[in-house]
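Remember, it's a predicted structure, so these values are computed and weren't measured experimentally.
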Amino acid sequence: MVFENFEPIFGEPKAEWAKNSDSSSFPLRRFLMHVFAQDYYSLRLHVTDFYSSTFEAVKSVDQLEDMRDSTGIGGSWSEFVDYIIASIRSEDVKLVLDGRSNLDGAAHAKLVAQKSKGMPVITISFTRVAGPAASDAMAAMSFGLYNTLKGMQKLVSQGEEHSSDLRKVIPAENERKENIEAQSEKRHEIEKMIWSSKAADSASVASNSSHDSPGKRSTRDRKVTNRVVPTYRRTKVRGALLQDTEDDNDN
């Protein structure tokens, strides 16, 4: 649908009298503007000073297509609608008034808007309404403002609830973070102790290996092999030989 999700637009156009208007000497009141989707295929625009001048315009999809051709705006249809919205929302929106109505106020009005200087100009002509039609236009604008205000209040309330939830979550998250950091630090200390113990064990093994090297063991063995036989042991050996000699002599 073309305008299914169209959000109402409110604004205050800069009211001014048209050049060479015979009513340019009359003071102007402030105007409010209301743009909304009348249905899926048309936009309705109201401008009013809530006093004597209320104007209305209805633009169907076909009329907007004609506007698109006359302004020479290319691109897709959605891009054209986006351009209209951006132009109406811009700060340089003018409500040009002309003539004097028998009912007081201006007789004619048109909205002149552009997205920015140098861009195509959007011009929408209004029809003056009075009596019940004017009252309906002002009522629609008032209730539209009220509904928009309610929507904004709801968003603010939801934001406050979200902030409150975050304020409750933050302390718990900070505590969890501190616990994780403490556990990580403790694990780091344990790993450091383990590595220190392993390093000490490795150093001890290396030291023992150096003290008990093959060269030292060979020297120690040679010392044992070349040890001088004690005197008492040599005497016993000679005594045994002498005994054998005496036996030989007896024979």
Side-chain angles (χ1 to χ4, degrees), residues 1-16 28-64 67 76-97 103-106 109-116 122-173:
M1 297 299 180
V2 180
F3 300 118
E4 181 178 5
N5 298 316
F6 188 90
E7 294 291 335
I9 300 173
F10 298 92
E12 182 181 3
K14 299 175 182 177
E16 61 181 38
L28 288 174
R29 293 183 174 87
R30 296 172 65 180
F31 282 79
L32 283 181
M33 173 183 62
H34 181 206
V35 183
F36 59 99
Q38 178 173 271
D39 50 43
Y40 291 152
Y41 304 102
S42 61
L43 293 178
R44 184 180 291 270
L45 299 87
H46 290 144
V47 289
T48 182
D49 61 359
F50 291 95
Y51 183 72
S52 61
S53 299
T54 300
F55 299 90
E56 180 183 74
V58 178
K59 293 295 181 181
S60 65
V61 171
D62 292 338
Q63 291 172 319
L64 292 173
M67 180 189 297
S76 64
W77 167 256
S78 60
E79 290 174 338
F80 174 65
V81 173
D82 290 341
Y83 183 82
I84 292 177
I85 294 172
S87 299
I88 294 175
R89 290 183 183 274
S90 69
E91 296 181 356
D92 190 22
V93 180
K94 297 179 181 179
L95 181 66
V96 182
L97 304 171
L103 301 175
D104 196 10
K110 65 179 179 180
L111 192 73
V112 180
Q114 60 183 150
K115 185 176 181 179
S116 60
I122 300 295
T123 302
I124 299 176
S125 298
F126 287 93
T127 300
R128 183 184 172 96
V129 293
S135 298
D136 290 343
M138 288 184 281
M141 184 177 294
S142 298
F143 281 108
L145 286 169
Y146 172 71
N147 290 332
T148 300
L149 177 61
K150 282 183 62 178
M152 294 180 65
Q153 288 176 336
K154 184 177 180 180
L155 290 176
V156 170
S157 178
Q158 291 175 346
E160 291 176 349
E161 290 178 1
H162 183 62
S163 298
S164 178
D165 293 340
L166 288 177
R167 285 193 293 269
K168 294 177 182 178
V169 170
I170 288 174
E173 287 296 320

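- Note: F3 and F6 have perpendicular aromatic rings, judged against thresholds of 30 and 60 degrees for the angle between ring planes.
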Evaluation steps, side chain to side chain contact (heavy atoms under 4.5 Å, CB included), between L97 and L28
CA-CA 9 Å; L97 304 171; L28 288 174; 3.3 Å; yes

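- Between M67 and I124 the shortest side-chain heavy-atom distance falls below 4.5 Å.
- Contact annotation: the side chain of P13 approaches that of M33 to within less than 4.5 Å [non-hydrogen atoms, C-beta and beyond].
- The side-chain contact (heavy atoms from CB on, under 4.5 Å) search around D39 returns Y41, S42, not counting sequence neighbours.
- Distance OG/S157 to CD/E160: 6.0 Å, rounded to 0.5 Å.
- The main-chain N or O of E161 is never found under 3.5 Å from a side-chain atom of S164 such that the two would form a donor-acceptor pair.
- For the pair T54 (side chain) and V129 (backbone), a donor-acceptor distance under 3.5 Å is absent.
- Aromatic ring orientation, F31 versus F55: tilted (interplanar angle from 30° to 60°).
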Please list every donor-acceptor pair under 3.5 Å in which a side-chain atom of residues 141-156 meets a protein atom from a residue at least two apart or in another chain.
unit_1: S142; atom_1: OG; unit_2: M138; atom_2: O; d: 2.9
unit_1: N147; atom_1: ND2; unit_2: F143; atom_2: O; d: 3.2
unit_1: T148; atom_1: OG1; unit_2: G144; atom_2: O; d: 2.9

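- For the pair L111 and L45, the minimum side-chain heavy-atom distance is below 4.5 Å.
- Other residues, nucleotides and ligands place more than 12 heavy atoms under 6.0 Å from the CD atom of Q158.
- Taking 4.5 Å as the limit, every side-chain heavy atom of P8 sits out of range of all side-chain heavy atoms of V35.
- Across A140 and H34, no two heavy atoms sit closer than the pair O-CE1, 3.6 Å.
- Closest of all the heavy-atom pairs between I88 and V93 is O-CG2, 3.4 Å.
- When atom types are taken as modelled, the side chain of S87 and the backbone of Y83 share a donor-acceptor pair closer than 3.5 angstrom.
- The closest side-chain heavy-atom distance from L32 to F10 is not below 4.5 Å.
- In this structure, F50 CZ and T48 OG1 are separated by 5.5 Å, a value rounded to the nearest 0.5 Å.
- Smallest separation of non-hydrogen atoms from S125 and A57: O-CB, 3.5 Å.
- Residues H46 and F36 place their aromatic rings such that the two centres sit under 6.0 Å apart.
- In the displayed structure, K59 atom NZ is contacted under 6.0 Å by more than 12 heavy atoms of other residues, nucleotides or ligands.
- Side-chain N or O atoms of R128 include none that pairs as donor or acceptor with a backbone N or O of S53 at under 3.5 Å.
- Here R30 pairs with E12 under the salt bridge (Lys or Arg N to Asp or Glu O under 4.0 Å) rule; sequence neighbours left out.
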